[in-house]
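Predicted model, so just to flag it, every value in this text is computed and none were measured.
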Amino acid sequence: MSVSWWIWAVLMLAIAAMLAVDLFLHRDNHVIGFREAAAWSGIWIAAGLLFGVVLWVWQGGDVAGTYYAGYLIEKALSIDNVFVFALIFTYFAVPAAFQHKVLFWGVIGALAFRLVFIFVGAELLETFFWTAYVFGAFLIYTGYKMAFRHDGQTPPDRNPVVRLVRRIVPTDPAYHGDRFFARVDGKRVATLLFVVLIAVEATDLIFAIDSVAAILAITTSTFIVWTANAFAILGLRSLYFCLAGLLRRFVHLHYGLAVLLAFAGVKLILSETPVGKLPIPVTLGVIVVTIAVSIVWSLRSTRGAEANDVDVDAADSPANSAR
């Protein structure tokens, strides 16, 4: 799918405008409650679905179907990001009022990482056929690790990137309001909020590799891959504040995500065999059924055991929730 440069430019400006509106409306660093987060999630999801309709009218059903398949798999994988964000915010005891700012700038970094990975990955797949086997094997292995992962998580401050930044950048182990940098004893230092941002960015860098490889298994069209990623990531902040109080109910979701990653790996490998690429309707069906089954399975397994998690008032305090 060939797209003119001016369409790319319009898309980038539209995304920048949406981010600017979001930043302006949250400039007062207020605590985001469940109702506000749900409303914004609805807006972002509607925008993502509406863009698919635009593609349908512009390029036809096959292109739109490919976009929706990519959007769904990215949206599903982003839920795993939410688990880790909850862990990071709880570990560093980030005040609820500052969490949106961290996630906002985290999304900016996520979009930049994915843009680079998308163009590099697509070019590799188009140039060297054997990279499909490498990416496919990587996705299958990642799916296996996700399915059999242990509950224990590496402490966020032990992340190699976080440790490197702390070693290079003078850091004050305290919050200074919503500032990433402050002056302490006449010296400009990074605040603890900046360390949290680095932890979020470092984590998303790892997630970006998995998610971009997964969607490249569906299509190597950089425009489709980028738009599916962008619209899924734009709603990540609202998704966090919606699900922060419900996370511990999704006890089996990682199995569904593992199946999706392994399916993407198999699909990518098959694309370079006589079988060829699987039809988009089949791909969409597998994604929808897998996500639905894992969510229903999780909710049924935790019915009654986590009644407090569905309390809207409890969901209004995402900083107090952890996986």
Please lay out, stage by stage, how T66 and S221 fare under the test side-chain contact (heavy atoms from CB on, under 4.5 Å).
CA-CA 10 Å; T66 301; S221 169; over 6 Å; no
Checking D22 side chain against M18 main chain: does a donor-acceptor pair fall under 3.5 Å?
no
W44 vs R237 side-chain heavy atoms within contact, under 4.5 Å:
yes
With rounding to the nearest 0.5 Å, note down the distance linking CH2 in W5 to CD1 in I7.
10.5 Å
Note: S211 and N229 closest approach over all heavy atoms is OG-OD1, 4.1 Å
Any chance you could measure W226, atom CH2, to I215, atom CD1, to the nearest 0.5 Å?
11.5 Å
Quick check for you: to the nearest 0.5 Å, what is the distance between D185 atom CG and D172 atom CG?
8.5 Å
Does any non-hydrogen side-chain atom of S294 lie less than 4.5 Å from one of L253?
yes
Transitive ILVMFWY side-chain link I45 to V53, under 4.5 Å
yes
Test side-chain contact (heavy atoms from CB on, under 4.5 Å) applied to I88 and V102, step by step
CA-CA 11 Å; I88 292 173; V102 173; over 6 Å; no
Any donor-acceptor pair under 3.5 Å linking the side chain of S41 with the backbone of A37?
yes
Euclidean distance, Y240 OH relative to H100 NE2, rounded to 0.5 Å
12.5 Å
How far apart are the C-alpha atoms of I280 and D62, what are their side-chain angles, what is the distance that settles it, and do they pass the side-chain contact (heavy atoms from CB on, under 4.5 Å) test?
CA-CA 7 Å; I280 289 300; D62 288 343; 5.9 Å; no
Among I140, I73, L77, V266, find the residue that satisfies the side-chain contact (heavy atoms from CB on, under 4.5 Å) test when tested with L261.
L77
Which donor-acceptor pairs under 3.5 Å do side chains of residues 194-209 form with protein atoms, sequence neighbours excluded?
from: T203; atom 1: OG1; to: A199; atom 2: O; distance (Å): 2.8
from: D204; atom 1: OD1; to: N81; atom 2: ND2; distance (Å): 2.9
from: D204; atom 1: OD2; to: R114; atom 2: NH1; distance (Å): 2.7

Under a 4.5 Å side-chain heavy-atom rule over Ile, Leu, Val, Met, Phe, Trp and Tyr, are M12 and I118 clustered together?
yes
Y68 versus L49, closest heavy-atom pair with distance
OH-O, 2.6 Å
Side-chain heavy-atom pair L55, F223 within 4.5 angstrom cut-off
yes
With K267 via salt bridge (Lys or Arg N to Asp or Glu O under 4.0 Å) - residues at least two apart
none
Hey, quick one: are V212 and Y141 part of the same hydrophobic cluster, counting side-chain heavy atoms closer than 4.5 Å, chains of contacts allowed?
no
Looking at every heavy atom in both M146 and A258, which two are closest together, and how far apart are they?
SD-N, 3.7 Å
For residues I15 and L234, determine if any side-chain heavy atom of one lies less than 4.5 Å from a side-chain heavy atom of the other.
yes
May I ask you to decide if L87's main-chain N or O and T90's side chain share a donor-acceptor pair within less than 3.5 Å?
no
Verify the cluster assignment for V107 and V21: are they in a single hydrophobic cluster under the rule of side-chain heavy atoms below 4.5 Å apart?
yes
Of all heavy-atom pairs between E74 and A232, which one has the smallest distance, and what is that distance?
CB-CB, 3.6 Å
Quick one: does any side-chain atom of Y67 pair with a main-chain N or O of G48 as donor and acceptor, under 3.5 Å?
yes
From H176 NE2 over to T191 OG1, what is the distance, rounded to the nearest 0.5 angstrom?
6.5 Å
Once rounded to the nearest 0.5 Å, what's the spacing between atom CG of L72 and atom OG1 of T290?
11.0 Å
Do V275 and I269 share a hydrophobic cluster, counting only Ile, Leu, Val, Met, Phe, Trp and Tyr and linking them when any side-chain heavy atoms are less than 4.5 Å apart?
yes
Are I108 and F104 packed together at the side-chain level, in the sense that at least one heavy-atom pair is separated by less than 4.5 angstrom?
yes
Looking at every non-hydrogen atom in both residues, tell me the closest pair between A228 and G70 and how far apart they are.
CB-C, 3.8 Å
Backbone N/O of Y133 and side chain of E272: donor-acceptor pair under 3.5 Å:
no
Evaluation steps, ring pair (Phe, Tyr, Trp, His ring centres under 6.0 Å), between W8 and F119:
CA-CA 13 Å; W8 276 96; F119 277 93; 5.7 Å; yes
Counting the benzene-type ring for Trp, do Y255 and W297 have ring centres under 6.0 Å apart?
yes
Quick one: does D210's side chain get under 4.5 Å of F138's, heavy atoms only?
yes
Minimal non-hydrogen separation, F181 against A190, with atom names:
CD2-CA, 3.7 Å
With a 6.0 Å cut-off on the ring centroids, do F51 and Y71 count as close?
no
Who pairs with A69 by side-chain contact (heavy atoms from CB on, under 4.5 Å), at least two apart in sequence or on another chain?
I218, T283, L284, I287
With a 4.5 Å heavy-atom cut-off, do I291 and L260 have their side chains touching?
yes
I want to check something: taking the side chain as every heavy atom from C-beta on, are L103 and L236 in contact at a cut-off of under 4.5 Å?
no
Let me see the working for F241 and W40 under side-chain contact (heavy atoms from CB on, under 4.5 Å), right down to the final yes or no.
CA-CA 10 Å; F241 291 105; W40 272 103; over 6 Å; no
